[in-house]
Visitor: 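For reference, the structure I am asking about is given below.
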Amino acid sequence: QVQLVESGGGLVQAGGSLRLSCAASERTFSMYGMGWFRQAPGKEREFVAAINWSGSNTDYAGSVKGRFTISRDNAKNTVYLQMNKMKPEDTAVYYCAARRRAQLGYIVSSYDYWGQGTQVTVSS
């Protein structure tokens, strides 16, 4: 069982930046593909970004491409989401997820483990 703990959420003004972190309990963390998703009130959970096992391959939702960056440090069992030029529409609960496949994943059902989520609020 992989435990995922997100941190780094909070309140930021439009145009500002935040960095989310997700620490994993699993010592074989480097074998997992990782992703970030978000869920706004009244909406379905949506894909934000994904990274493969080594960090050599990443992909993003169109709405965040060019503004967000996903990365990972396998030595620290941690994945990050750097969020720049933030917009009010980025407001949501952000979730970290892990999948037992090393490659990228884009849909909720392809992930096996989830964190508890961290609130991100962007004020206009």
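Model, not experiment: these values are computed from the prediction.
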Visitor: Considering all heavy atoms of both residues, which atom of Ala14 and which atom of Pro88 are nearest to each other, and what is their separation?
Guide: CB-CD, 4.2 Å
Visitor: Evaluate side chain to side chain contact (heavy atoms under 4.5 Å, CB included) for Thr118 paired with Leu20, printing each intermediate quantity in order.
Guide: CA-CA 8 Å; Thr118 186; Leu20 304 182; 4.0 Å; yes
Visitor: Could you walk me through whether Leu81 and Met83 pass side chain to side chain contact (heavy atoms under 4.5 Å, CB included), step by step?
Guide: CA-CA 6 Å; Leu81 186 67; Met83 304 184 291; 3.9 Å; yes
Visitor: Heavy atoms only: give me the nearest Tyr111-Gly33 pair and the separation to one decimal.
Guide: CE2-O, 4.2 Å
Visitor: Following the transitive rule for hydrophobic clusters with a side-chain heavy-atom cut-off under 4.5 Å over Ile, Leu, Val, Met, Phe, Trp and Tyr, establish whether Leu18 and Val48 coincide in one cluster.
Guide: yes
Visitor: Quick one: closest heavy-atom pair of Asn74 and Ser30, and the distance?
Guide: ND2-CB, 3.5 Å
Visitor: Check step by step if side chain to side chain contact (heavy atoms under 4.5 Å, CB included) holds for Val79 and Ile51.
Guide: CA-CA 9 Å; Val79 63; Ile51 189 167; 4.2 Å; yes
Visitor: Same cluster or not: are Trp36 and Tyr113 linked, directly or through other Ile, Leu, Val, Met, Phe, Trp or Tyr residues, by side-chain heavy atoms under 4.5 angstrom apart?
Guide: yes
Visitor: So Gln82 and Ser17, side chain to side chain contact (heavy atoms under 4.5 Å, CB included) or not? Walk me through it.
Guide: CA-CA 7 Å; Gln82 178 66 44; Ser17 298; 3.9 Å; yes
Visitor: Looking at Arg100 and Asp112, does any basic side-chain N land under 4.0 Å from a carboxylate oxygen?
Guide: yes
Visitor: Taking Gly105's backbone N and O only, do any of them form a donor-acceptor pair with Arg101's side chain (distance below 3.5 Å, no angle check)?
Guide: no
Visitor: Any donor and acceptor pair, going by atom type alone, linking the side chain of Thr91 with main-chain N or O of Thr121 inside 3.5 Å?
Guide: no
Visitor: Taking the side chain as C-beta and beyond, is there a heavy-atom pair between Leu11 and Gln119 under 4.5 Å?
Guide: no
Visitor: Does the side-chain hydrogen bond (donor to acceptor under 3.5 Å, both in side chains) test come out yes or no for Arg38 and Tyr94, once each step is laid out?
Guide: CA-CA 4 Å; Arg38 66 187 182 187; Tyr94 282 70; 2.9 Å; yes
Visitor: Below 6.0 angstrom between ring centroids: does that apply to Tyr95 and Phe37?
Guide: no
Visitor: In plain terms, say whether Asp90 and Arg67 are close enough for a salt bridge, that is, a side-chain N and a carboxylate O under 4.0 Å apart.
Guide: yes
Visitor: Counting N and O atoms only, with roles assigned by atom type, does the side chain of Asp73 sit under 3.5 Å from a partner on the main chain of Thr78, one being a donor and the other an acceptor?
Guide: no
Visitor: Can you find a heavy atom in the side chain of Val2 that is under 4.5 Å from one in the side chain of Tyr32?
Guide: yes
Visitor: Taking atom OG of Ser63 and atom CD of Glu46, what is their separation to the nearest 0.5 Å?
Guide: 5.5 Å
Visitor: Quick one: pull up CG in Asn52 and CZ in Arg72 and give me the separation to the nearest 0.5 Å.
Guide: 7.5 Å
Visitor: Looking at Tyr60 and Ile70, would you say the former's side chain and the latter's main chain have a donor-acceptor pair under 3.5 Å?
Guide: yes
Visitor: Could you tell me whether Trp53 atom CH2 has more than 12 heavy atoms of other residues or ligands within 6.0 Å of it?
Guide: no
Visitor: Check whether any side-chain N or O of Glu6 sits under 3.5 Å from a backbone N or O of Cys96 as a donor-acceptor pair, and report yes or no.
Guide: yes
Visitor: Any chance you could measure Arg99, atom CZ, to Ser109, atom OG, to the nearest 0.5 Å?
Guide: 9.5 Å
